[in-house]
Undergrad: 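Can you keep this structure in mind? I'll have questions shortly.
All heavy atoms count here, side chains included; hydrogens, waters and symmetry mates do not. For clarity, every value in this text was computed on a predicted model and none was experimentally measured.
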Amino acid sequence: MPRWKELPTELPSSERQLLVQLRRLKDHSGLSLAALASRTGYSRSSWERYLNGKKPVPRKAVEELAEVCGTEPTRLIVLYEVAERARTKESGRPDQPSQDQDQEQGRDQEQEQGPDQDRAPRPAAARTVPLKWTLGAVALAVAVSFGAGLLTAGAWHDDAPAERTGTAAAEAGYLRGRTYECTVRRKDGELRAGHSDTREMLLDINSTGFDVVEAQCLLREKGFSPKAFDGLYDERTKTAAKKFQQAHHLVVDGIIGPDTWRELRA
């Protein structure tokens with residue numbers, strides 16, 4: 001399985017979460033970038049730029065990736081819209097499709113399709129999302145927006161206190177630079193270090209807070225100690241996460257997400 005490049009550190013957390021999920025979907029499908037190019041309206045080089053954070057991924061590319069991987073696109077579209085709103089707010093421009101992205105898709109189709117290349121039929125351009133999915137998407141958008149705000153605050157404001165999640169939320173806020181104790185116990189059938197109850201939060205370089213402390217403690221408990229328990233997701237923590245993922249036959253990207261949390265708490 002190919003090793004992904006590090007995402008640019010300047011990417012907003014909402015954009016990072018979208019790309020992590022797209023990478024994970026692509027890896028689980030077993031498709032190469034060339035295979036994606038043959039099944040979608042985007043070239044191999046375009047997919048390489050999108051999935052490595054070099055260029056914002058278009059909404060249609062998100063929909064086509066979900067289509068060829070056989071996945072309901074609603075959750076990915078919600079993540080895309082959250083990231084798009086963050087980009088729009090930062091740039092101060094109206095929220096509308098990029099003309100460059102539309103033109104690039106046309107160029108991709110012309111450049112990538114040679115006379116001997118057998119391309120699969122394009123997926124349908126539009127999907128009708130059922131009402132139950134729309135309502136679920138609204139709720140998920142609120143949750144993702146809130147989670148992205150917490151991640152951004154933790155990553156870029158050294159003095160901003162991060163909050164613990166779940167039962168730990170009532171205790172003191174996270175303080176950067178402090179070393180925390182790791183007392184891991186099994187509760188309700190899963191391992192917990194008492195700093196966070198999360199099983200979903202995505203953690204990568206520059207993440208901070210009690211979710212990171214929890215992951216660091218659980219990594220040590222599993223025999224992959226990051227040597228630091230300070231709530232800062234640094235290179236040591238990422239290296240420990242990669243070794244753990246490799247040992248448990250997970251996607252080895254050093255990003256702690258739902259699959260890695262499940263194994264850490266097992």
Side-chain angles (χ1 to χ4, degrees), residues 1 3-4 6-7 9 13 16-21 23-25 27-28 79 143-144 146-156 158 160-266:
M1 184 172 294
R3 299 173 66 87
W4 288 107
E6 297 283 352
L7 290 171
T9 56
S13 60
R16 184 179 296 271
Q17 291 221 23
L18 171 63
L19 294 181
V20 167
Q21 294 304 318
R23 285 178 167 191
R24 193 176 298 274
L25 179 61
D27 287 341
H28 282 226
L79 291 173
V144 171
F146 178 73
L150 286 180
L151 281 176
T152 303
W156 302 112
D158 291 357
E163 293 184 347
R164 300 189 189 189
T165 58
T167 57
E171 301 186 15
Y174 167 76
L175 296 176
R176 190 163 182 168
R178 174 180 171 182
T179 297
Y180 292 87
E181 294 183 1
C182 291
T183 304
V184 179
R185 299 185 177 88
R186 187 167 293 278
K187 181 179 179 181
D188 298 330
E190 63 180 23
L191 292 178
R192 298 186 185 182
H195 298 288
S196 170
D197 298 336
T198 185
R199 296 177 63 92
E200 302 289 337
M201 184 63 72
L202 295 176
L203 303 178
D204 196 2
I205 293 295
N206 291 326
S207 296
T208 61
F210 282 118
D211 296 320
V212 179
V213 179
E214 183 80 5
Q216 289 172 330
C217 290
L218 294 178
L219 284 169
R220 187 185 74 169
E221 180 71 13
K222 293 290 186 174
F224 299 87
S225 177
K227 310 298 183 183
F229 311 96
D230 53 4
L232 174 62
Y233 203 99
D234 56 10
E235 288 295 342
R236 292 178 299 178
T237 302
K238 185 156 189 166
T239 298
K242 286 182 176 180
K243 292 179 179 179
F244 175 82
Q245 290 169 335
Q246 185 174 27
H248 289 78
H249 309 291
L250 300 171
V251 175
V252 182
D253 55 9
I255 299 172
I256 295 182
D259 293 340
T260 305
W261 278 115
R262 183 179 64 249
E263 295 298 325
L264 283 172
R265 295 201 182 278

Undergrad: For Ala193 and Cys217, which heavy atoms make the closest approach, and how far apart are they?
TA: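 Closest heavy-atom pair between Ala193 and Cys217: CB-CB, 3.6 Å.
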
Undergrad: Is the ring pair Tyr174/Tyr180 parallel, tilted or perpendicular, if the boundaries are 30 and 60 degrees?
TA: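 Judged by the thresholds at 30° and 60°, the geometry between Tyr174 and Tyr180 is parallel.
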
Undergrad: How about CZ on Arg186, more than 12 heavy atoms from neighbouring residues, nucleotides or ligands closer than 6.0 Å, or not?
TA: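 For Arg186, atom CZ is crowded (more than 12 foreign heavy atoms under 6.0 Å).
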
Undergrad: Do Trp261 and Leu203 come within less than 4.5 Å of each other through their side chains, counting heavy atoms only?
TA: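 Yes; the side chains approach each other to less than 4.5 Å.
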
Undergrad: Please check: side-chain N/O of Lys243 versus main-chain N/O of Ser225, any donor-acceptor pairing under 3.5 Å?
TA: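 Flag not set: sc Lys243 to bb Ser225 has no pair under 3.5 Å.
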
Undergrad: Using every non-hydrogen atom in the two residues, find where Gly254 and Ala241 come nearest and quote the distance to one decimal.
TA: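 Smallest heavy-atom distance, with atoms named: O-CB, 4.2 Å.
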
Undergrad: Indicate yes or no: at least one non-hydrogen side-chain atom of Val251 is less than 4.5 angstrom from one of Gln245.
TA: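 No; the side chains remain at least 4.5 Å from each other.
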
Undergrad: So, do Ser207 and Leu232 sit near enough that their side-chain heavy atoms are less than 4.5 Å apart?
TA: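 A side-chain contact under 4.5 Å is absent here.
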
Undergrad: With a 3.5 Å cut-off and no angle check, do the side chains of Asp234 and Thr237 form a donor-acceptor pair?
TA: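 There is such a pair (donor and acceptor under 3.5 Å, judged by atom type) between the side chains of Asp234 and Thr237.
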
Undergrad: Specify the closest pair of heavy atoms between Ala215 and Ile256, including all atoms of both residues, with the distance to one decimal.
TA: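 Smallest heavy-atom distance, with atoms named: CB-CD1, 3.7 Å.
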
Undergrad: Would His195 and Gln216 count as a side chain to side chain contact (heavy atoms under 4.5 Å, CB included) here? Give the steps.
TA: CA-CA 10 Å; His195 298 288; Gln216 289 172 330; over 6 Å; no

Undergrad: Using a 4.5 Å cut-off on heavy atoms from C-beta on, say whether the side chain of Leu191 contacts that of Leu264.
TA: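 Not in contact.
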
Undergrad: Does Glu6, at its CD atom, have more than 12 non-hydrogen atoms belonging to other residues, nucleotides or ligands within less than 6.0 Å?
TA: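 Check passes, neighbour count above 12.
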
Undergrad: Apply the salt bridge (charged side-chain N to carboxylate O under 4.0 Å, His left out) test between Glu214 and each candidate in Arg220, Arg192, Arg265; give the one that qualifies.
TA: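 Single pass found, and it is Arg265.
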
Undergrad: Answer yes or no: is there an ion pair linking Arg262 with Asp259, defined by an N-O contact shorter than 4.0 Å?
TA: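 Salt bridge flag = yes for Asp259 with Arg262.
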
Undergrad: Do Arg23 and Asp253 meet the salt-bridge criterion of a basic N to acidic O distance under 4.0 Å?
TA: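 No, this pair does not count.
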
